[in-house]
Amino acid sequence: MRTHLMGCAVDNLNMAETLDVVEGFIRSGKPHQHVVVNVDKIVKANRDPALRQIINDCDLINADGMPVVWASCLLGKPLKARVTGVDLFEALMARAAEKGWRVFLLGAREEVVSGVARRYPARYPGLTLAGYRNGYWTPEEEEKVVADIAATRPDILFVAISSPKKEAFLARYQAAMKVPFAMGVGGTFDVAVGLVKRAPVWMQNAGLEWFYRFLQEPRRMFRRYFIEDMAFFALLWRAWRRSRQVRASAPAAPLRADEPWSP
């Protein structure tokens, strides 16, 4: 079931349900685009109507990050679980090996994406890589990149370039690439090859994964987490007040015939 949080659509699915939806997409053979929403994405989407439209038009939208799940509960639209991009990438690589799906890796530096291409077929025997390419190309090369991906006929395309570039790229070229499931994965390739470590599980569950990431690269991440993403709380406050007003103005449900009345 799809809901909306602070202007962004989100599908209320857990990991198992998400994997089942992806499998259905791949069986259909038609192109589908996936996106995750987190604090940063919600803030950017509220500043950029074009990005918000791309997100809301996606075929599958997961909540990535505990703050989004907590916000959904506060707004009276509780989500079942978060489904992070890193975890979904790992689960889909395992499922691809099991089902014989072809995977294309696009993005990151050459040494990073080639490292993923070496490691994962060894980790998941039976995994078929349709191809891989780094995330650096000129505007003049873009159509060739698209044509090269389409020629390999992958079932899954993982795109590890920055946001909102990856969302716009997929929205623009999904029809031409004809990939049944295309997913932006941000910095997941860096995690996959061990360049970036994930937070301990207890920090992930406590919603502190962002803080662990900040400790790894404080100079780079300070502006994002402590300046830009602070707008999330203003958006949440406005959404909470609006939800309170809606609930207060909603008519009371009629009493059932067998329900006792009390003043």
Side-chain angles (χ1 to χ4, degrees), residues 3 5-6 8-22 34-45 55 58 60-75 77-96 105 107-108 112 115-116 119-120 123-124 156 158-163 166-167 183-233 235-236:
T3 188
L5 299 172
M6 292 166 279
C8 289
V10 188
D11 292 314
N12 193 3
L13 302 171
N14 59 29
M15 177 63 80
E17 292 165 337
T18 296
L19 290 171
D20 288 343
V21 171
V22 174
H34 171 273
V35 70
V36 294
V37 293
N38 52 24
V39 167
D40 187 61
K41 197 73 63 68
I42 287 174
V43 169
K44 286 178 178 175
I55 291 171
C58 282
L60 180 59
I61 308 168
N62 287 120
D64 182 337
M66 286 307 299
V68 176
V69 176
W70 293 333
S72 75
C73 296
L74 184 65
L75 297 175
K77 303 175 180 180
L79 296 172
K80 297 175 184 178
R82 71 171 187 161
V83 179
T84 70
V86 174
D87 292 334
L88 184 55
F89 169 81
E90 198 72 34
L92 284 173
M93 289 295 246
R95 184 71 65 93
L105 307 171
V112 173
V116 178
R119 289 185 180 207
Y120 275 76
R123 182 177 299 177
Y124 298 114
I156 298 176
F158 293 114
V159 182
I161 57 180
S162 61
S163 181
K166 62 178 177 290
E167 290 83 10
M183 172 183 174
V185 293
T188 295
F189 290 177
D190 289 334
V191 176
V193 297
L195 288 178
V196 173
K197 292 184 178 180
R198 288 195 75 184
V201 174
W202 73 266
M203 292 188 80
Q204 296 178 37
N205 294 335
L208 293 173
E209 197 162 10
W210 67 271
F211 186 64
Y212 188 84
R213 187 78 183 87
F214 165 72
L215 293 177
Q216 290 178 308
E217 295 185 272
R219 288 188 178 182
R220 178 167 173 257
M221 306 308 292
F222 179 84
R223 180 175 180 81
R224 170 178 167 178
Y225 290 141
F226 292 100
I227 299 177
E228 295 174 356
D229 285 0
M230 289 297 104
F232 177 80
F233 296 102
L235 293 170
L236 180 57

Has [X] got a side-chain atom pairing as donor or acceptor with [Y]'s backbone, closer than 3.5 angstrom?
{"X": "Lys77", "Y": "Leu5", "answer": "no"}
{"X": "Asn12", "Y": "Lys80", "answer": "yes"}
{"X": "Asp11", "Y": "Ile61", "answer": "yes"}

Considering all heavy atoms of both residues, which atom of Cys8 and which atom of Ile55 are nearest to each other, and what is their separation?
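Looking at all heavy atoms of both residues, the shortest contact is SG-CD1, 4.5 Å.
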Do Phe158 and Thr188 have side chains that get closer than 4.5 Å, going by heavy atoms?
no
Using side-chain heavy atoms (C-beta onward) and a distance below 4.5 Å, is Leu75 in contact with Leu236?
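Yes; the side chains approach each other to less than 4.5 Å.
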side-chain hydrogen bond (donor to acceptor under 3.5 Å, both in side chains) partners of [X], counting only residues at least two apart:
{"X": "Ser163", "result": "Glu167"}
{"X": "Asp229", "result": "none"}
{"X": "Arg223", "result": "Glu228"}

With sequence neighbours excluded, what pairs up with Leu195 under the side-chain contact (heavy atoms from CB on, under 4.5 Å) test?
Arg109, Val112, Asp190, Val193
Met221: side-chain contact (heavy atoms from CB on, under 4.5 Å) partners, not counting sequence neighbours:
Arg213, Phe214, Glu217, Arg224, Tyr225
Between Phe226 and Trp210, is the ring centroid distance below 6.0 Å?
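Aromatic pair counts; centres sit under 6.0 Å.
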Which salt bridge (charged side-chain N to carboxylate O under 4.0 Å, His left out) pairs, counting each pair once, include a residue from residues 192-207, with sequence neighbours left out?
Asp87-Arg198, Arg198-Glu209
Counting heavy atoms not belonging to Phe211, are there more than 12 under 6.0 Å from its CZ?
no
